[in-house]
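Reading through the structure tokens given below for one structure.
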There are 2 protein chains.
Amino acid sequence: MLCSIPIVCRVDHAMQLTLKQLRYFVCAGENASVTKAAKAMFVSQPSISSAILHIEEQTGLDLFIRHHAQGLSLTPSGQRFMLKAKQLLEEADNLGKFATSLTESISGSLRFVSLPTFAPIILPSVMRQFRDLYPDVHLHCDEADQEKILAGLLEGRYEFAVTYDLQVPAELEFTPITEFPPYVLLPSDHPLATATAVSIEQLAEHPMILLDWPMSRDYFYSLFLSQGVEPNIAYRANSLAMVRGLVANGLGYALFNTPLASDTSLDGHKIVMLPLTGSPHPTRLGVATLKDVRSTPAANAFIDKLRTQLM
Amino acid sequence: MLCSIPIVCRVDHAMQLTLKQLRYFVCAGENASVTKAAKAMFVSQPSISSAILHIEEQTGLDLFIRHHAQGLSLTPSGQRFMLKAKQLLEEADNLGKFATSLTESISGSLRFVSLPTFAPIILPSVMRQFRDLYPDVHLHCDEADQEKILAGLLEGRYEFAVTYDLQVPAELEFTPITEFPPYVLLPSDHPLATATAVSIEQLAEHPMILLDWPMSRDYFYSLFLSQGVEPNIAYRANSLAMVRGLVANGLGYALFNTPLASDTSLDGHKIVMLPLTGSPHPTRLGVATLKDVRSTPAANAFIDKLRTQLM
DNA sequence: ACTTAAGCATAGGAAAAACCTATTCAGGCT
DNA sequence: AGCCTGAATAGGTTTTTCCTATGCTTAAGT
């Protein structure tokens, strides 16, 4: 039979002091009296007494010199211990204040995320306005594709996301802010450029420049499919600027939904923007947040600014 | 009948978070799991759960995103709160460590007090030795008369006192270290200077220089009174140096108990030191501490050094 | 699609801690 | 000596903490 080795459960008997006990002790130390401390803390005298005794037992310190019938005074060790205890209590209070500041004040930092499609178009001015109002809040804006955005929200990396309402899972809340109806970008010498509006059917036969991003791709494709036609993809591009350049140089038309301020491509050619007839399904832009998590005041303030900006 | 005004008890509902709750929360946050935290903390899963819920209720924060059947992740607020909570817990641990350091290690600072009569004669060399052994301990030595010494001990201003066992109250513990038998200081041309020892009776008629300090005065007087004679006080002086100067210049003899290393006064005259016959009552030098308060290791170490120095 | 597994929340009762009232005890004060 | 003050103790009650058992919701597996 083997020798059974006794396993010593090493729970590392860390001194167990509660904040309450420390509070009682400090109060007694400052008043040099258990009774006065009891009055100040709105508890009975034995409560203070036993808290002190408990700390003395836990630490092995003699905190007080008991003067019979006339209160207490701190021992030198007690004085030193009280100093540190007060610091700790201070920090504990600060933690509480910090918590309320997180729920109540617009401060600290704010992390959010958006799609690179329109982040640089919409967010800079909102961030500018926000910074002017709340200069102490540190803004951090990431750009990522929809998949990463949703994962980041679920993992708590971002407080909110400015994105489309596409494939948003049930755990997330999507509050729409505005809609972007799709429109056509045409080179100025395109046969359809003189119309006031064009239909999907009209466009189908012409060569198209496709913004080749996961979401855009699916969305614009769906506009044709819902009309029973298929687009004639001549070129694919990976940035808005490139698409505009290709259009401006007459290589085809493109569909867009994010509003563009400029009617000129980077190389100086003019572009014509026309609405689509038949009110095609617009994309909905909004804010995605976690369903069961209250937003911070900073996040709410930012989202408000975003809303007024877009509406 | 007067309107009864309802008194709103404004107890300033300060957020009541316990360290234990914070510990549970942090552990859950670090493990991204209530269950794992429960195992790590050796408590049941609901204990962790309710601690978190309690903090969330108290602070109004949503600390975690609950992923059904696959743990938790911290919200942005939760992340920030956890950082601060960890800091607080760190500080709490430090307080515990500080307490044990007070009881176990020779460190920090050490305040004590002694009588100016012999403090400068005895303590400097002990302090020197102590500093060489424990250079990090800060020594603070006050000088005060017996009355102030005793009050200072009772108020916790000093950890111990090096003094005589005179009028020590019951709350204090006096541990004697050594005895100082009184002896005579004579000018070298004094009629008794050639003897090997002198008696109190012999001295009584000669002019005496009295060290006019409360305790010394009473003590030396008592040596005469116990023999049924009275001293012939010619001069009174307020310092050892002055007494020695007066003696050396032939103005009288003096009684001393603290041992002197030099047989020369400050102005260069020789002094003769002779023992008293009849073994008069010696003064007892020792250490006074509070009776019910354990001394710190630093104090014990110092007192040990003092004892080996004097014995 | 249905079942199983994982994992947090809730319920209810038991154990522990905190608290309160009443009393004791030890020194000062008159 | 007797009263007063103020801390400690005793004993019982309330509050908190903790545990077991169960429910509920989604992911994963078949």
Side-chain angles (χ1 to χ4, degrees), chain A residues 11 16-25 27-29 31-58 62-75 78 150-151 154-156 169-172 290-293, chain B residues 11 16-25 27-29 31-58 62-75 78 150-151 154-156 169-172 290-293:
Chain A
V11 188
Q16 275 308 45
L17 303 173
T18 71
L19 290 173
K20 193 183 280 186
Q21 284 160 357
L22 291 174
R23 239 179 280 276
Y24 287 180
F25 156 64
C27 191
N31 294 47
S33 157
V34 172
T35 307
K36 280 182 194 152
K39 278 170 189 154
M41 303 296 264
F42 301 104
V43 291
S44 72
Q45 171 260 314
S47 293
I48 306 287
S49 197
S50 74
I52 294 168
L53 258 46
H54 185 259
I55 298 177
E56 287 188 320
E57 191 191 352
Q58 287 279 310
D62 294 318
L63 297 172
F64 286 110
I65 305 158
R66 273 78 170 175
H67 301 123
H68 297 277
Q70 44 187 33
L72 312 164
S73 39
L74 286 158
T75 61
L150 300 175
L154 291 174
E155 288 165 21
E171 296 95 312
L172 298 182
L290 283 158
K291 194 161 264 170
D292 307 316
V293 174
Chain B
V11 188
Q16 273 308 43
L17 302 174
T18 71
L19 290 173
K20 194 181 278 186
Q21 284 161 355
L22 291 174
R23 239 181 279 277
Y24 286 179
F25 156 64
C27 191
N31 293 59
S33 157
V34 172
T35 308
K36 281 183 194 151
K39 278 171 189 154
M41 302 296 266
F42 302 105
V43 292
S44 72
Q45 171 259 313
S47 294
I48 307 287
S49 198
S50 73
I52 294 168
L53 258 47
H54 184 259
I55 298 177
E56 287 188 320
E57 191 191 353
Q58 288 280 310
D62 294 319
L63 298 172
F64 286 110
I65 305 157
R66 272 78 169 175
H67 301 124
H68 296 278
Q70 43 187 34
L72 311 165
S73 38
L74 286 157
T75 62
L150 300 175
L154 291 174
E155 288 165 21
E171 295 96 311
L172 298 182
L290 283 158
K291 195 162 262 172
D292 306 316
V293 174

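Order of the sequence lines fixes the chain letters, A, B, ..., with proteins taken first and strands second; residue numbering starts at 1 for each chain. Quick caveat: nothing in here was measured; it's all calculated off a predicted structure.
Both A/Gln70 and A/Thr18 sit near DNA chain C, but only A/Thr18 has its closest nucleotide nearer the 5' end. Closest-nucleotide positions on DNA chain C for B/His68 and A/His68 were compared, and the one nearer the 5' end corresponds to B/His68.
Taking CG of B/Leu53 as the reference point, atom CG of B/Leu63 lies at 9.5 Å (rounded to 0.5 Å). Here the CZ-OG1 distance, from B/Arg23 to B/Thr18, works out to 9.0 Å after rounding to the nearest 0.5 Å. Going from atom CD of B/Glu57 over to atom CD1 of B/Ile52 covers 14.0 Å, rounded to the nearest 0.5 Å.
A 4.5 Å side-chain heavy-atom check between B/Tyr24 and B/Val43 finds at least one atom pair inside the cut-off.
Judged as a side-chain hydrogen bond (donor to acceptor under 3.5 Å, both in side chains), and not counting sequence neighbours, A/Glu171 has no contacts.
At distances below 3.5 Å, not a single donor-acceptor pair connects side-chain atoms of B/Thr75 with backbone N or O atoms of A/Gly156. Panel note: side chain A/Lys36, backbone A/Ala28; no donor-acceptor pair is recorded below 3.5 Å. Judged by distance alone, the side chain of B/Gln58 and the main-chain N or O of B/Gln16 form a donor-acceptor pair under 3.5 Å.
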Would you tabulate the side-chain donor-acceptor contacts of residues 66-74 of chain A under 3.5 Å, counting partners in other chains and residues two or more places apart, or write 'none'?
from: A/Arg66; atom 1: NH1; to: A/Glu56; atom 2: OE1; distance (Å): 3.4
from: A/Arg66; atom 1: NH1; to: A/Glu56; atom 2: OE2; distance (Å): 3.0
from: A/Arg66; atom 1: NH1; to: A/Phe64; atom 2: O; distance (Å): 3.3
from: A/Arg66; atom 1: NH2; to: A/Glu56; atom 2: OE1; distance (Å): 3.0
from: A/His67; atom 1: NE2; to: A/Ser73; atom 2: OG; distance (Å): 3.4
from: A/His67; atom 1: NE2; to: B/Leu154; atom 2: O; distance (Å): 2.9
from: A/Ser73; atom 1: OG; to: B/Leu154; atom 2: O; distance (Å): 3.2

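Within 4.0 Å (heavy atoms only), B/Phe64 reaches no atom of the nucleic acid at all.
Protein chain B contacts DNA chain C over a range whose 5' and 3' limits, counting nucleotides with an atom under 4.0 angstrom from a non-hydrogen atom, are C/dA6 to C/dG28. Think of the region where chain A sits on DNA chain D: with heavy atoms and a 4.0 Å cut, that region ends 5' and 3' at D/dT5 to D/dT9.
Near DNA chain C, meaning a heavy atom under 4.0 Å from it, residues 43-56 of chain A has A/Val43, A/Ser44, A/Pro46, A/Ser47 in order of number.
Applying the side chain to side chain donor-acceptor pair (under 3.5 Å) test to residues at least two apart or on different chains, the pairs with a partner in residues 37-52 of chain B are B/Ser44-B/Ser47.
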